[in-house]
Amino acid sequence: MQRRSLIKSLGGLMLLPAVAKAGLRPAANELRAGPTGVSGAAHALRIAHITDVHLKGDLDAPRHFADCLRHINSQEKKVDLILNGGDIVFDMNKENLDMINAQWKLVHQLMKDENAIPVRYALGNHDIWWYENDKGQATYGKQFSLDQLHLPRAYYSFTQGGWKFMVLDSVHLDVDNTWYIGKLGDEQFQWLDQELKATDPATPVLILSHIPILTSTVLVEDNIVNRWEVLGGQMHTDTAKIIALFYQYPNVKLCLSGHIHLREKLVYDNLTFLCNGAVSGAWWKGNNRETAPGYGLIDLYTDGSFDEKYVNY
Ligand SMILES: [Zn+2]
């Protein structure tokens, strides 16, 4: 921040040459701004990315989540938007309705009492109700959470501060219908393709998903001998297809996810993937490996550049 304001105060005299990396990404590559803060682009908006809150009545979760919301709401430089990346409630997969209702009641209460910033939500794997015995219910599956959040659909887009946000629905039943995997499915993929086509190439795009599209956190495992096993529920299974699509649209700048409860910044050529830990840390039992409970704080600029950090609240 200091560096940015210093450069700004020099009135552009000190503008450094843009470092256009000769990456593999075709077209518009050269148009990218130099390293964040150097291009002199105007600030667009500040977002807080919270994920994996896993809210429930015990484990001191309500008190800690309230602390987190206060922390975000009291940032000196105002946060314009909160993105909640899913696993909003502790777990509703095979829970009974009373338990599910109690968790959601707590969400609404805390958001009302402790938060004054607009919030947009993505659904996580724990925000889906899929106990076989309840299949006949109208709110079965994702519908329950969609109703709670007044969302017509689990994937959607919106524009704010000159950035386009695309919220993905990354949790779907596996091929054998017994568990979930990370993917978009044909219909949503088509939608994403159309949305990107319809977006002005000068408008920077941020992608929000619960399950990471690409992550190396899944490799941080104990007792590996000579191979790692990555499950389809840990990371998107359609990674290559999605990345190939994003490469047709150089205005896709940043992909946010959670799910793993580990903090990671991964740069794949010119695409940045942030896996922003978890508000709940290790499901409200301290740190998860090296990652403390926290949230992502991201400043977006009009030229598609950004500054970001992971904040322990
Ligand atoms: Zn989670």
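Read the numbers this way: they start at 1 and go in the same order the structure lists the ligands and their atoms. Note that the structure is predicted; figures quoted are calculated from it, not measured.
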Would you compute the distance between atom CG of Leu173 and atom CH2 of Trp130 and round it to the nearest 0.5 angstrom?
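One finds 5.0 Å between CG of Leu173 and CH2 of Trp130.
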How large, to 10°, is the angle at the Zn ion (ligand 1) when you draw lines to OD2 on Asp52 and to OD2 on Asp87?
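Approximately 90° at the metal, rounded to tens of degrees.
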Please find out if the Zn ion (ligand 1) and some N, O or S atom of His261 are separated by less than 2.8 Å.
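It does: His261 brings an N, O or S atom closer than 2.8 Å to the Zn ion (ligand 1).
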With a cut-off of 2.8 Å, does His210 place any N/O/S atom under that distance from the Zn ion (ligand 1)?
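Looking at His210, which is the residue asked about, there is no N, O or S atom under 2.8 Å from the Zn ion (ligand 1).
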Are the charged groups of Glu308 and Lys265 less than 4.0 angstrom apart, N to O?
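So Glu308 pairs with Lys265 through a salt bridge.
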I'd like to know if the side chain of Asp127 and the backbone of Val89 have a donor-acceptor N/O pair within less than 3.5 Å.
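Checking the backbone N and O of Val89 against the side chain of Asp127, a donor-acceptor pair under 3.5 Å is found.
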Scan Asp80, Asp307, Asp299 and name whichever one has a salt bridge (charged side-chain N to carboxylate O under 4.0 Å, His left out) with Arg46.
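By the salt bridge (charged side-chain N to carboxylate O under 4.0 Å, His left out) criterion, Arg46 pairs with just one of Asp80, Asp307, Asp299: Asp299.
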